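See below for the structure under consideration.
Only a predicted model underlies this, so the values are computations on that prediction, with no experimental measurement involved.
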Amino acid sequence: MNRYKAQTRVQIDESDTPKYNDDVQDEEQQEENGLRLRPSESNVTEDQEPFMGVKVRRKASLRREYKGDYLDIPSRPFLMKILQKQGDKQVLFADKILKFTSSGKMKRRILMITDFAIYIVDPDTDSLKRRIALAAVDKMCLSELSDNFFAIIIPTEYDLLMASTRKTEIVTVLVEATRSASEYELEVVFSNRFEYNASADLVKEVQFEEVEGGVRTRIVRK
């Protein structure tokens, strides 16, 4: 499979969503020993968001107000039809994001979070690519740096690696939604190296390094 061998710039057209400024490398054959996931000591409490005390925060994210639905879902019939077919009515978050495929490619997708599930929709074909029940989510993995990446770990399926400039809001919404739906605290793990299952039989490690002018991100096959 083709994977990125050189640095690429993660971005979406400015007309759609804000740019992603992290450098990304996907190296298939690099062999490095990764760190095991460790529980974070700063998981969310009722009066503390997931990043306080751990995450290197952008100043803008500290002042940002959460809107939730950035796509105006009621005005998009194909998205309403998807939700209605699944019986979901309450949309907690909706926005365009970048999703990483098992081969390392980046695809534009719509991410919707309801009070019961996570939806991944292809905006080009108006089709539902994946629906994940909140109860199936085990944890979320993020770096300790100010990048746009996050992974959603689903033990019964393959995991999701995505990028969004609204990552803080996505994590907060998922933690609160999981607590409301399942009455358990979704684990949020911070590490500058973490593993995720890109497919049923493919494990990758995401590595983050702070460099001059930003954060370099590498995706390595294990």
Side-chain angles (χ1 to χ4, degrees), residues 10 12 16-17 20 37 44 50 66-142 148-189 194-204 206 219:
V10 182
I12 293 179
D16 290 333
T17 58
Y20 298 84
L37 292 174
V44 180
Y66 293 167
K67 179 179 178 180
D69 181 4
Y70 294 90
L71 300 178
D72 190 16
I73 297 298
S75 70
R76 298 175 180 255
F78 77 98
L79 292 177
M80 289 296 295
K81 185 177 180 180
I82 289 172
L83 293 171
Q84 290 168 359
K85 185 176 180 179
Q86 299 294 334
D88 275 344
K89 297 179 180 179
Q90 184 179 3
V91 177
L92 306 176
F93 180 87
D95 195 15
K96 291 183 178 180
I97 53 92
L98 284 177
K99 176 188 172 296
F100 289 77
T101 68
S102 60
S103 63
K105 294 181 180 180
M106 294 171 285
K107 299 287 187 180
R108 288 183 177 88
R109 293 289 183 259
I110 290 173
L111 170 67
M112 295 190 296
I113 304 172
T114 71
D115 49 345
F116 289 107
I118 298 167
Y119 290 79
I120 304 296
V121 178
D122 187 337
D124 297 324
T125 62
D126 296 349
S127 60
L128 176 63
K129 305 299 290 186
R130 194 172 177 190
R131 181 185 186 273
I132 304 158
L134 292 181
V137 178
D138 179 56
K139 67 182 71 174
M140 298 190 69
C141 296
L142 305 88
N148 295 317
F149 294 83
F150 62 98
I152 300 176
I153 309 301
I154 308 122
T156 57
E157 309 174 30
Y158 62 92
D159 304 324
L160 285 170
L161 178 64
M162 296 182 284
S164 170
T165 55
R166 297 191 171 97
K167 177 181 63 177
T168 302
E169 181 173 357
I170 292 169
V171 175
T172 303
V173 167
L174 277 174
V175 168
E176 293 177 351
T178 302
R179 183 192 297 128
S180 298
S182 306
E183 296 185 354
Y184 80 92
E185 197 80 359
L186 180 65
E187 186 180 7
V188 181
V189 179
F194 60 76
E195 293 181 2
Y196 77 103
N197 289 296
S199 64
D201 56 356
L202 178 60
V203 177
K204 290 190 175 183
V206 190
I219 304 173

Contact summary for [X] and [Y], nearest pair of heavy atoms:
| X | Y | answer |
| --- | --- | --- |
| Lys99 | Ile120 | CD-CG2, 4.2 Å |
| Ser127 | Ile82 | C-CD1, 4.4 Å |
| Arg131 | Leu128 | CB-CD2, 4.4 Å |
| Asp115 | Ala181 | O-CB, 3.6 Å |
| Asp69 | Pro74 | OD2-CD, 3.7 Å |
| Ala163 | Ile97 | O-CB, 3.6 Å |

message: So does Asp159 get a backbone contact from the side chain of Asn197, meaning a donor-acceptor N/O pair under 3.5 Å?
response: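 A pair under 3.5 Å: no.
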
query: Any donor and acceptor pair, going by atom type alone, linking the side chain of Lys204 with main-chain N or O of Ser102 inside 3.5 Å?
result: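 A pair under 3.5 Å: yes.
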
Within-4.5 Å side-chain heavy-atom neighbours: [X] and [Y]:
| X | Y | value |
| --- | --- | --- |
| Tyr119 | Leu79 | no |
| Met162 | Leu98 | no |
| Leu174 | Leu186 | yes |
| Val121 | Phe78 | yes |
| Phe100 | Val206 | no |

message: Quick one, Ile219 with Leu161, criterion side chain to side chain contact (heavy atoms under 4.5 Å, CB included). Give me CA distance, side-chain angles, the key distance, then yes/no.
response: CA-CA 10 Å; Ile219 304 173; Leu161 178 64; 3.8 Å; yes

message: As a quick check of understanding, evaluate side chain to side chain contact (heavy atoms under 4.5 Å, CB included) for Glu157 and Arg130, giving each step before the final call.
response: CA-CA 11 Å; Glu157 309 174 30; Arg130 194 172 177 190; 2.9 Å; yes

[X] [atom1] to [Y] [atom2] distance, which is reported to the nearest 0.5 Å:
| X | Y | atom1 | atom2 | value |
| --- | --- | --- | --- | --- |
| Glu185 | Lys139 | CD | NZ | 14.5 Å |
| Gln86 | Phe116 | CD | CZ | 12.5 Å |
| Thr114 | Met112 | OG1 | CE | 8.5 Å |
| Lys167 | Leu142 | NZ | CG | 5.0 Å |
| Ile170 | Ile118 | CD1 | CD1 | 10.0 Å |
| Ile152 | Tyr158 | CD1 | OH | 12.0 Å |

task: Evaluate the criterion side chain to side chain contact (heavy atoms under 4.5 Å, CB included) for residue pair Asp124 and Arg108; output intermediate values, then yes/no.
output: CA-CA 9 Å; Asp124 297 324; Arg108 288 183 177 88; 5.5 Å; no

- prompt: For Phe93, is the NZ or CZ atom of Arg166 found under 6.0 angstrom from the centre of its six-membered ring and inside 45 degrees of the ring axis?
  reply: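 So Arg166 doesn't make the cation-pi contact.
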
message: Run the side chain to side chain contact (heavy atoms under 4.5 Å, CB included) test on Phe194 and Ile153 for me, step by step, so that the C-alpha distance in whole Å, both residues' side-chain angles and the decisive distance to 0.1 Å come before the verdict.
response: CA-CA 11 Å; Phe194 60 76; Ile153 309 301; 5.8 Å; no

